[in-house]
A.B. asks: 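Sending over a structure as structure tokens; questions will come in a sec.
Keep in mind that this is a model prediction, so the values were computed, not measured. Numbers for residues simply follow the sequence, beginning at 1.
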Amino acid sequence: MIRSIVMLALAATVLAGCANPRIEAAARANTALIGMPKELLYSCAGVPDRTQQVGDTELLTYVGGMTFTQVETDFDDIGIGGRRFIRPRTTVHRQNFQCEATFTMRDGIVESLDYNQGRDLESCGTIVETCVAVVPAPR
């Protein structure tokens, strides 16, 4: 019985070590950054990529992302007239990861934070992780 409890605790510890802090920051930011003053948001997230004024509400949009590129080279072995030729064939794979984080501000205070559809939470985390770090953790 004790051995089972120790193994379960060890497994939980190992799985907790696999957590991605940027994804956790992006998930926590939706509630943790509500009430943050605009000046503090600018100091931790920087200048937004887009701003829009809608009535008494201001929308601040930050865009983050990255592209991973993988190049694969296959070699075709071709025999022509008793001679062998090796012809390389290169394939390029690209995968884009992007996030748009839009802060809704009212009276200079963050009212809400929304991410775009199909976002990559790790890319969202790169936008908000510094801001989440300055907000005290919930108890």
A.B. asks: Can you tell if the side chain of Thr90 reaches within under 4.5 Å of the side chain of Val71, non-hydrogen atoms only?
C.D. replies: yes

A.B. asks: Heavy-atom distance under 4.5 Å between the side chains of Asn20 and Glu122, does that happen here?
C.D. replies: yes

A.B. asks: Nearest heavy-atom pair of Met105 and Met36: which atoms, and what distance?
C.D. replies: CE-O, 4.4 Å

A.B. asks: Look only at the side chain of Gln53 and the backbone of Gly55, and say whether a donor-acceptor pair between them is shorter than 3.5 Å.
C.D. replies: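 Indeed, once roles are kept as given, a pair shorter than 3.5 Å links the two residues.
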
A.B. asks: Please name the pair of heavy atoms, one in Ser112 and one in Asp114, separated by the smallest distance, quoted to 0.1 Å.
C.D. replies: OG-OD2, 3.9 Å

A.B. asks: Side chains of Thr57 and Arg106: donor-acceptor distance under 3.5 Å anywhere?
C.D. replies: yes

A.B. asks: Same cluster or not: are Phe97 and Leu121 linked, directly or through other Ile, Leu, Val, Met, Phe, Trp or Tyr residues, by side-chain heavy atoms under 4.5 angstrom apart?
C.D. replies: no

A.B. asks: Restricting to non-hydrogen atoms, name the atom on Val132 and the atom on Ala25 that form the minimum distance, rounded to 0.1 Å.
C.D. replies: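 Closest pair (atom of Val132, atom of Ala25, distance): CG2-O, 3.6 Å.
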
A.B. asks: Give the minimum heavy-atom separation between Leu41 and Leu60, together with the two atoms involved.
C.D. replies: CD2-CD1, 3.8 Å

A.B. asks: If you look at every heavy atom in Tyr62 and Gly46, which pair is closest and at what distance?
C.D. replies: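 Looks like OH-O, 2.8 Å.
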
A.B. asks: Does the pair Lys38/Glu58 count as a salt bridge with the N-to-O cut at 4.0 Å?
C.D. replies: yes

A.B. asks: Between Thr67 and Asn96, is a side-chain hydrogen bond (donor to acceptor under 3.5 Å, both in side chains) present by the stated rule, with each step listed?
C.D. replies: CA-CA 4 Å; Thr67 301; Asn96 293 316; 2.6 Å; yes

A.B. asks: Between Ile23 and Leu113, is there a shared hydrophobic cluster once you connect ILVMFWY residues whose side-chain heavy atoms come closer than 4.5 Å?
C.D. replies: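 Same hydrophobic cluster.
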
A.B. asks: Looking at Asp107, I want to see if its CG is surrounded by more than 12 non-hydrogen atoms of other residues, nucleotides or ligands under 6.0 Å.
C.D. replies: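 No.
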
A.B. asks: Cluster question for you: counting only ILVMFWY and a side-chain heavy-atom cut-off of under 4.5 Å, with indirect links fine, are Leu59 and Leu33 together?
C.D. replies: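 No.
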
A.B. asks: Quick test of your reading of the model: are Glu100 and Arg50 salt-bridged, counting only N-O distances below 4.0 Å?
C.D. replies: yes

A.B. asks: Side chain to side chain contact (heavy atoms under 4.5 Å, CB included) with Cys99: which of Ile127, Val128, Val63?
C.D. replies: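 For Cys99, the side chain to side chain contact (heavy atoms under 4.5 Å, CB included) test succeeds with only one of Ile127, Val128, Val63, which is Ile127.
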
A.B. asks: What closest approach, in Å, do Ala26 and Cys124 show between heavy atoms, and which atom pair accounts for it?
C.D. replies: CB-CB, 3.9 Å

